[in-house]
> 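Below you'll find the structure I mean.
No hydrogens, no waters, no symmetry mates; every other heavy atom, side chains included, goes into these values.
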There are 2 protein chains.
Amino acid sequence: MSKASHTECTSEMLPVRDALDIISGKWKLLILISISSGNSRFREIERSIPKITSKVLAKELKDLEENELIERTVYDDIPVVIKYTITPYAKTLQPVIQALSDWGKNHRKKILGR
Amino acid sequence: MSKASHTECTSEMLPVRDALDIISGKWKLLILISISSGNSRFREIERSIPKITSKVLAKELKDLEENELIERTVYDDIPVVIKYTITPYAKTLQPVIQALSDWGKNHRKKILGR
DNA sequence: TTTTTCGCTTACCTTTTGGTAACTGCTATA
DNA sequence: TATAGCAGTTACCAAAAGGTAAGCGAAAAA
């Protein structure tokens with residue numbers, strides 16, 4: 001008989017994988033933070049996130065919209081105005097952002113201080 | 001004068017960015033979950049994570065070790081045995097993993113059910 | 001009239017990430 | 001003796017993510 005084995009943990013990994021599929025990457029959470037902070041127009045968001053380019057921003061906004069985390073609204077003024085807002089569903093990500101933010105703060109202290 | 005402006009939020013983004021730099025990517029959290037679940041040897045970890053390859057696992061383990069999230073210990077038995085364990089510091093990531101897991105579970109429900 | 005702003009898109013390129021398969025020296029098991 | 005397991009490494013390649021720079025038509029500001 002083979003000795004080869006391991007502890008099963010796919011059920012613990014599955015939900016984490018699901019979450020990562022949607023919010024991982026360099027930009028998505030930063031974009032949500034920017035919009036939550038009051039930026040709603042394309043150029044505003046772009047200017048608020050250091051180093052992001054319009055190409056990447058456009059693509060990430062599409063992804064976020066597809067996952068119902070933001071909404072894109074067109075106002076037919078002259079000229080037309082486009083605004084991005086976060087959805088109520090995106091607000092359920094708050095604990096994730098908070099946990100990452102807390103850990104990041106602590107990590108920076110650990111790396112720099114002491 | 002230019003009207004171009006935006007709401008500043010770099011201070012909110014910085015810690016999240018720091019955290020993402022270290023734990024983002026497809027595999028790192030899954031590896032931590034696997035080791036936390038009781039897997040400690042290379043092949044065990046490999047078998048416990050669907051689709052991971054030994055090449056990728058070896059690289060990710062190195063990254064995690066560099067960031068002091070896991071420890072690699074060599075036991076000089078014959079044959080030599082190598083074990084990976086999570087550090088106390090890695091345990092500070094628990095709230096992050098929990099938040100992601102909770103959100104992932106809920107998201108799956110949202111997508112599938114209703 | 002010229003410049004700037006808006007919300008993007010396009011073409012091209014580099015970097016990062018991941019996948020395949022074979023292979024290593026050693027030991028243990030059948 | 002042949003095979004399988006251990007902990008990886010190596011060479012090669014494909015895909016995904018990201019960066020660079022330019023440009024579009026319309027309108028507003030200088």
Side-chain angles (χ1 to χ4, degrees), chain A residues 1-7 13 16-17 20-31 34-35 38-67 70-85, chain B residues 1-7 13 16-17 20-31 34-35 38-67 70-85:
Chain A
M1 191 178 93
S2 165
K3 235 176 43 181
S5 192
H6 64 271
T7 303
M13 295 186 319
V16 174
R17 224 193 248 268
L20 290 176
D21 281 348
I22 288 173
I23 59 148
S24 84
K26 223 174 150 177
W27 304 111
K28 296 206 173 59
L29 293 181
L30 303 185
I31 292 168
S34 173
I35 300 176
N39 298 303
S40 59
R41 302 189 60 178
F42 191 90
R43 295 288 185 200
E44 282 174 3
I45 300 167
E46 191 178 5
R47 281 190 295 265
S48 74
I49 303 176
K51 308 276 183 185
I52 203 168
T53 63
S54 44
K55 181 193 131 185
V56 168
L57 179 56
K59 187 234 172 204
E60 299 284 294
L61 286 171
K62 261 173 212 156
D63 289 352
L64 290 168
E65 208 193 341
E66 272 173 23
N67 287 304
I70 62 172
E71 206 179 332
R72 181 182 187 273
T73 312
V74 180
Y75 295 91
D76 286 329
D77 301 345
I78 299 168
V80 75
V81 167
I82 292 164
K83 292 201 177 187
Y84 293 94
T85 49
Chain B
M1 194 177 93
S2 164
K3 233 175 47 182
S5 192
H6 63 272
T7 303
M13 297 187 317
V16 173
R17 222 193 248 267
L20 290 176
D21 282 347
I22 287 175
I23 59 149
S24 84
K26 224 174 149 177
W27 304 111
K28 296 207 172 61
L29 293 180
L30 303 185
I31 293 168
S34 173
I35 300 176
N39 299 302
S40 58
R41 302 189 59 178
F42 191 92
R43 295 290 183 203
E44 283 175 2
I45 300 167
E46 191 178 4
R47 281 190 296 267
S48 75
I49 304 177
K51 309 278 183 182
I52 203 168
T53 63
S54 43
K55 182 191 130 185
V56 168
L57 179 57
K59 187 234 171 204
E60 299 284 294
L61 287 171
K62 263 173 210 155
D63 288 353
L64 290 168
E65 210 194 338
E66 273 172 21
N67 287 304
I70 62 172
E71 207 179 332
R72 183 183 186 270
T73 312
V74 180
Y75 295 92
D76 285 330
D77 301 344
I78 300 168
V80 76
V81 168
I82 291 164
K83 293 201 175 188
Y84 292 93
T85 49

> Do the side chain of R41(B) and the main chain of V81(B) share a donor and acceptor less than 3.5 angstrom apart?
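Answer holds: no.
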> Select from K51(B) and S54(A) the residue whose nearest nucleotide in DNA chain C is closer to the 5' end of that strand.
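Final value for this comparison: S54(A).
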> Starting at atom CD1 of I82(B), determine the distance to atom C1' of dG5(D), rounded to an integer number of angstrom.
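Result: 13 Å.
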> With respect to the side chain of F42(B), which nucleotide from dG8(D), dA22(D), dC6(C) is positioned closest?
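For F42(B), the side-chain atoms sit closest to dG8(D).
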> Is the phosphate of dG8(D) approached by Y84(B) (side-chain N or O, under 4.0 Å from OP1 or OP2)?
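Checking Y84(B) against dG8(D): at least one side-chain N or O falls below 4.0 Å of OP1 or OP2.
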> Tell me which nucleotide among dG19(C), dG19(D), dA17(D) gets nearest to the side chain of W27(A).
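Given the options dG19(C), dG19(D), dA17(D), the side chain of W27(A) is closest to dG19(D).
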> Could you tell me how far apart I49(A) (CD1) and dG19(D) (P) are, to the nearest whole angstrom?
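Interatomic distance, CD1 of I49(A) to P of dG19(D): 12 Å.
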> Pick the nucleotide of DNA chain D nearest each of E60(A) and P79(A); which residue has the one closer to the 5' end?
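Checking each residue's closest nucleotide, the 5'-ward one belongs to E60(A).
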> If you assign each of E46(B) and K55(B) to its closest nucleotide in DNA chain D, which residue comes earlier from the 5' end?
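Its nearest nucleotide being more 5', the pick is E46(B).
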> Measure from the side-chain heavy atoms of V56(B) and tell me the nearest of dG19(C), dC8(C), dG18(D).
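Looking only at side-chain atoms, V56(B) lies closest to dG19(C).
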> Roughly how many Å is it from CG in L20(A) to C1' in dA16(D), rounded to a whole number?
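Answer to the nearest Å: 16 Å.
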> Taking CZ from R47(A) and C1' from dG7(C), how many angstroms apart are they, rounded to a whole number?
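In whole Å, dG7(C) C1' lies 12 Å from R47(A) CZ.
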> Whole angstroms only, please: what is the CG-C1' distance between D77(B) and dA7(D)?
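My rounded result for the distance is 15 Å.
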> Would one find a side-chain N or O of R41(A) under 4.0 angstrom from OP1 or OP2 of dG7(C)?
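So the side-chain polar atoms of R41(A) do come within 4.0 Å of the phosphate oxygens OP1 or OP2 of dG7(C), strictly under.
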> Between I52(A) (CD1) and dT20(D) (C1'), how many Å, whole number?
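Spelled out: CD1 on I52(A) to C1' on dT20(D) is 15 Å.
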> Looking just at side-chain N and O atoms, do S24(A) and S24(B) make a donor-acceptor pair shorter than 3.5 Å?
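No, because no side-chain N or O of S24(A) sits under 3.5 Å from a partner of the opposite role on S24(B).
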> What's the CG-P distance between D21(A) and dA16(D), to the nearest Å?
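In whole Å, dA16(D) P lies 13 Å from D21(A) CG.
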> Could you tell me whether K59(B) and D63(B) make a salt bridge, using a distance below 4.0 angstrom between a side-chain N and a carboxylate O?
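Salt bridge: yes.
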> Starting from C1' on dC6(C), measure out to CD1 on I45(A) and report it in whole angstrom.
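Roughly 13 Å, once rounded to whole Å.
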> Which part of the nucleic acid, if any, lies within contact of K62(A), taking any heavy atom under 4.0 Å across all strands shown: a base, the sugar-phosphate backbone alone, or nothing?
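Contact class for K62(A): sugar-phosphate only.
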> Choosing from dA17(D), dT17(C), dC6(D), which nucleotide comes nearest the side chain of K59(B)?
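Between dA17(D), dT17(C), dC6(D), the one nearest the side chain of K59(B) would be dT17(C).
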> Heavy-atom distance under 4.5 Å between the side chains of K83(A) and Y75(A), does that happen here?
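They are in contact (side-chain heavy atoms under 4.5 Å apart), so the answer is yes.
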> Look at all strands and tell whether I78(A) reaches a base, only sugar-phosphate, or nothing, counting heavy atoms closer than 4.0 Å.
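Counting heavy atoms under 4.0 Å across all strands, the contact made by I78(A) is with sugar-phosphate only.
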> Give a yes or no on whether a salt bridge exists between E65(B) and K62(B), defined as a side-chain N under 4.0 angstrom from a carboxylate O.
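Salt bridge between E65(B) and K62(B), a charged N being under 4.0 Å from a carboxylate O: no.
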> Nearest to the T53(B) side chain among dT9(D), dC8(C), dT20(C), which nucleotide is it?
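Shortest atom-to-atom distance from the side chain points to dT20(C).
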